[in-house]
Undergrad: 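Structure in structure tokens, see below.
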Amino acid sequence: MKKIVLFILLMLPVVVFGQETHKPDYGVTIEREMDVLKIEEDLNYNVIVRLESAKRYDSGVKVTIYKQSGKKRKKIRKYYFPNSYLYLTHDDCSSIAVAQGKSITQAYFWKKDYGSGVNSQGWIKEFGLFE
């Protein structure tokens, strides 16, 4: 009986504190080159995505999409997601998400090495995707 109680007491911190949760990142600006970006139903190739999150105690994320031609950048689209937050994950895909809490994701970007080189992909839905 003592061994069971001791085992439970030793495993309690692992169960309670071992759960991974992502907190939003504030005041961050990220630029990422994307191989393929799906905006609503349109596919865009070789674009640059700039993400700007709001300062602390504010909410909202600005997403700007550029097309690079030589040294010039041409702005394709600009989005502002109010009441949304920027989440960075450090998993094997180096993911970036723009979401309202844990239920509605409005933009998701990832970078993964498929063996033939790194491939950056992502999608943007103006009204979000319910998870």
Side-chain angles (χ1 to χ4, degrees):
M1 183 68 173
K2 287 182 181 180
K3 289 183 180 181
I4 293 174
V5 172
L6 181 63
F7 178 73
I8 291 173
L9 289 175
L10 289 175
M11 291 304 292
L12 187 63
V14 173
V15 172
V16 172
F17 299 110
Q19 297 176 357
E20 184 177 340
T21 59
H22 297 289
K23 295 183 181 178
D25 292 298
Y26 297 100
V28 177
T29 301
I30 299 170
E31 281 194 4
R32 180 176 273 189
E33 294 179 4
M34 305 295 297
D35 294 329
V36 179
L37 178 64
K38 185 175 183 181
I39 303 173
E40 298 299 330
E41 298 300 320
D42 300 329
L43 287 176
N44 296 289
Y45 298 97
N46 300 321
V47 295
I48 297 171
V49 175
R50 181 182 175 91
L51 302 149
E52 297 177 46
S53 65
K55 303 289 183 208
R56 192 91 163 142
Y57 305 114
D58 284 338
S59 63
V61 177
K62 294 178 187 175
V63 179
T64 310
I65 298 126
Y66 298 98
K67 184 74 172 176
Q68 183 90 24
S69 59
K71 292 186 178 183
K72 294 184 179 180
R73 283 187 177 179
K74 180 182 174 188
K75 190 185 301 183
I76 297 175
R77 285 200 179 161
K78 190 171 188 175
Y79 290 97
Y80 178 71
F81 296 111
N83 301 322
S84 297
Y85 299 97
L86 185 66
Y87 295 91
L88 305 174
T89 60
H90 303 288
D91 54 3
D92 62 338
C93 294
S94 299
S95 305
I96 302 170
V98 176
Q100 289 182 353
K102 295 182 180 180
S103 61
I104 298 176
T105 304
Q106 292 144 321
Y108 191 73
F109 310 100
W110 67 94
K111 189 184 281 188
K112 188 153 176 114
D113 187 0
Y114 290 104
S116 62
V118 176
N119 191 359
S120 301
Q121 298 180 6
W123 53 263
I124 297 174
K125 296 229 180 243
E126 191 168 358
F127 296 109
L129 180 69
F130 187 74
E131 292 180 354

Undergrad: I need the Ile39 CD1 to Lys125 NZ distance, nearest 0.5 Å.
TA: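 Here the rounded value is 11.5 Å.
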Undergrad: Residues two or more places apart in sequence or in another chain: which of them pass salt bridge (Lys or Arg N to Asp or Glu O under 4.0 Å) with Arg50?
TA: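 Result, salt bridge (Lys or Arg N to Asp or Glu O under 4.0 Å) vs Arg50: Glu31, Glu52.
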Undergrad: Taking side chain as C-beta onward, heavy atoms only, is Asp42 less than 4.5 Å from Arg77?
TA: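 Asp42 vs Arg77: side chains touch.
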Undergrad: For the atom pair CG (Asn46) and CE (Met34), what is the distance rounded to the nearest 0.5 Å?
TA: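 Interatomic distance, Asn46 CG to Met34 CE, rounded to 0.5 Å: 11.0 Å.
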Undergrad: Search all heavy atoms of Ile76 against all heavy atoms of Tyr66 and return the closest pair with its distance.
TA: CD1-C, 4.1 Å
Undergrad: Give a yes or no on whether Leu88 and Leu37 share a hydrophobic cluster (residues Ile, Leu, Val, Met, Phe, Trp, Tyr; joining criterion: side-chain heavy atoms under 4.5 Å apart).
TA: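 Linked, Leu88 and Leu37 end up in one cluster.
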Undergrad: Apply side chain to side chain contact (heavy atoms under 4.5 Å, CB included) to Val28 and list each qualifying residue two or more places apart in sequence or on a separate chain.
TA: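 If we apply the side chain to side chain contact (heavy atoms under 4.5 Å, CB included) test to Val28, skipping adjacent residues, the hits are Asp25, Ile30, Ser53, Leu86.
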Undergrad: Any side-chain heavy atom of Tyr108 sitting closer than 4.5 Å to one from Ser95?
TA: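 They are in side-chain contact.
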Undergrad: Tyr87 and Thr105: side chain to side chain contact (heavy atoms under 4.5 Å, CB included), yes or no, with the steps?
TA: CA-CA 10 Å; Tyr87 295 91; Thr105 304; over 6 Å; no
Undergrad: So, using ring-ring contact (aromatic ring centres under 6.0 Å, His included) as the criterion, who are the partners of Tyr79 when residues are at least two apart?
TA: Phe81
Undergrad: With rounding to the nearest 0.5 angstrom, report the CD1 to CD distance, Ile48 to Gln68.
TA: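 Those atoms lie 4.0 Å apart.
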Undergrad: Test question: given the 4.5 Å side-chain rule for I, L, V, M, F, W and Y, name all other residues clustered with Leu43, or answer none.
TA: Val36, Tyr45
Undergrad: Taking C-beta and beyond as the side chain, do Asn44 and Ile65 meet within less than 4.5 Å on heavy atoms?
TA: no
Undergrad: Can a donor-acceptor pair be found, under 3.5 Å and without considering hydrogens, that links the side chain of Asp35 to the backbone of Gln121?
TA: no
Undergrad: Only counting residues at least two apart or in another chain, list the ones meeting side chain to side chain donor-acceptor pair (under 3.5 Å) with Ser84.
TA: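 For Ser84, the residues satisfying side chain to side chain donor-acceptor pair (under 3.5 Å) (neighbours in sequence not counted) are Gln106.
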Undergrad: The criterion is side chain to side chain contact (heavy atoms under 4.5 Å, CB included); which residues satisfy it with Lys74, sequence neighbours excluded?
TA: none
